[in-house]
Amino acid sequence: MRSVSDLGASHGWRLQRGLLDDGREVFAKTGAASEVFASEAAGLRWLGEAIAVPEVVEVGADRLVLSWVRQEPPSPGAAERFGRALAAMHRAGAARFGAPWPGFIAELPMDNSAAPDWPAFYGSRRVLPFLRIARLPAADVALVERAVERFAEVAGPAEPPARIHGDLWSGNVLWSGGSGVLIDPAAHGGHRETDLAMLELFGLPYLDRVLGAYREEWPPAEGWVERVPLHQLHPLLVHVVLFGGGYRDALMNAVRRVLAL
């Protein structure tokens, strides 16, 4: 890159906007050598087979360089197009629950090895590993473990693995080209309701339009709204691990709602 502007830092990574010799604008994330860069690149390329994502320009042990996304204000029409695109991405599917690359969410590693079904994958690969490092009181841990024991019972109708983003909060949806562009995935074969629940957790501009268009394209199974807390357990646990006990009340409220299903 012959021109660089500093964009600050996130999770210990340095973020930069640059200009390549051929005139292309790029976004660069650099830091200590880690599998996280290759994991993100693999997820972007996989999702990019079905939805708009930045191009992976270069990936190395200590960096990831992506095409720059020129952002624009969100609009109702863009939200509807994004909802339809999200449904198409989910329908593109996955070979299994999990992924053939190491998983990460922020800087935290995740186990992407296969499991026989989604409740088993979600419990053993997503919820329980983060519960072990969340430093919650013993009574809270016991309630979460009770909820995990109910996953197979409350997960709703079985569905084949969907191609999901895995960390779909509003900061990972850039508005560009009249729709949403996805960044920073924790991509894997999972349950499509996980992405929808993540959008509900932290909000998104014109979310009602996104979900309305999604339902027209591929309606979620009956009862999906009641299952939203189930799919929010993992992201809430991640936030407890990363940011502390401020998210404990939200987590335990979701746990109680799962136990009441």
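We number each residue from 1, following the sequence as shown.
- Arg256 places no side-chain N or O within donor-acceptor distance of the main-chain N or O of Leu259, the cut-off being under 3.5 Å.
- Of the possible donor and acceptor atoms, one in the side chain of Asp195 sits under 3.5 Å from a partner among the backbone N and O of Gly166.
- Side chains of Leu237 and Val127 form a contact here, defined as non-hydrogen atoms less than 4.5 Å apart.
- Annotation: the span from Leu128 atom CG to Phe151 atom CZ amounts to 7.5 Å, rounded to 0.5 Å.
- One N or O on the side chain of Glu72 and one on the backbone of Gly177 form a donor-acceptor pair closer than 3.5 Å.
- The ring of Phe202 has its center closer than 6.0 angstrom to the ring center of His239.
- Rounding to the nearest 0.5 Å places CD1 of Ile51 at 12.0 Å from CH2 of Trp46.
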Derivation and outcome, side-chain contact (heavy atoms from CB on, under 4.5 Å), residues Arg63 and Gln16: CA-CA 11 Å; Arg63 66 194 177 280; Gln16 298 171 298; over 6 Å; no
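- In this structure, CG on Leu201 lies 12.0 Å from NE2 on His234, to the nearest 0.5 angstrom.
- Proximity of a side-chain donor or acceptor of Ser67 to a complementary backbone N or O of Val26 within less than 3.5 Å is not detected.
- Taken from CG in Leu199 to CG in Leu168, the straight-line distance is 4.0 Å, to the nearest 0.5 Å.
- By the 4.0 Å N-to-carboxylate-O rule, Arg257 lies too far from Glu226 to be salt-bridged with it.
- Atom CG of Leu64 sits about 7.0 Å away from atom CG of Leu44, to the nearest 0.5 Å.
- Judged purely by atom type and a 3.5 angstrom limit, Ser39 has no side-chain atom pairing as donor or acceptor with the backbone of Glu35.
- At distances below 3.5 Å, at least one donor-acceptor pair connects side-chain atoms of Arg163 with backbone N or O atoms of Gly93.
- Summarising the geometry of Ala120 relative to Asp117, their closest heavy-atom pair is N-OD1, 2.8 Å, with the distance given to 0.1 Å.
- Minimum interatomic distance between Arg227 and Ala221 (heavy atoms only, all atoms of both residues): NH2-O, 3.3 Å.
- Note: His11 and Phe243 have tilted aromatic rings, judged against thresholds of 30 and 60 degrees for the angle between ring planes.
- In this structure, Glu153 pairs ionically with Arg150, as a charged nitrogen and a carboxylate oxygen lie closer than 4.0 Å.
- Between Leu143 and Val255, the shortest heavy-atom contact is O-CG1, 3.7 Å.
- Here Trp118 and His231 bring their ring centres to under 6.0 angstrom of each other.
- A donor-acceptor contact shorter than 3.5 Å is absent between the side chain of Glu217 and the backbone of Ala87.
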Test side-chain contact (heavy atoms from CB on, under 4.5 Å) applied to Leu108 and Phe130, step by step: CA-CA 9 Å; Leu108 301 174; Phe130 286 85; 3.7 Å; yes
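- Salt bridge Arg209/Glu80: present, at least one basic N to carboxylate O contact under 4.0 Å.
- Salt bridge present: Asp184 and Lys29 bring a charged side-chain N and a carboxylate O closer than 4.0 Å.
- Counting all heavy atoms, side chain and backbone alike, Tyr122 lies closest to Leu230 at OH-O, 2.7 Å.
- Counting all heavy atoms, side chain and backbone alike, Leu182 lies closest to Pro54 at O-CD, 3.2 Å.
- Judged by a 6.0 Å distance limit and a 45° cone about the ring axis, Arg192 is positioned over the six-membered ring of Trp218.
- Residues passing the side chain to side chain contact (heavy atoms under 4.5 Å, CB included) test with Pro137, sequence neighbours excluded: Asp140, Arg248.
- Rounded to the nearest 0.5 Å, atoms CZ (Phe82) and OG (Ser75) are 13.0 Å apart.
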side-chain contact (heavy atoms from CB on, under 4.5 Å) between Val240 and Leu136, intermediate numbers included: CA-CA 9 Å; Val240 171; Leu136 290 168; 4.2 Å; yes
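- A centroid separation of 6.0 Å or more is found between the aromatic rings of His191 and Phe97.
- Residue Phe37 comes nearest to Gly60 through the heavy atom pair CB-O, 3.6 Å, listed as atom of the first residue, atom of the second, then distance.
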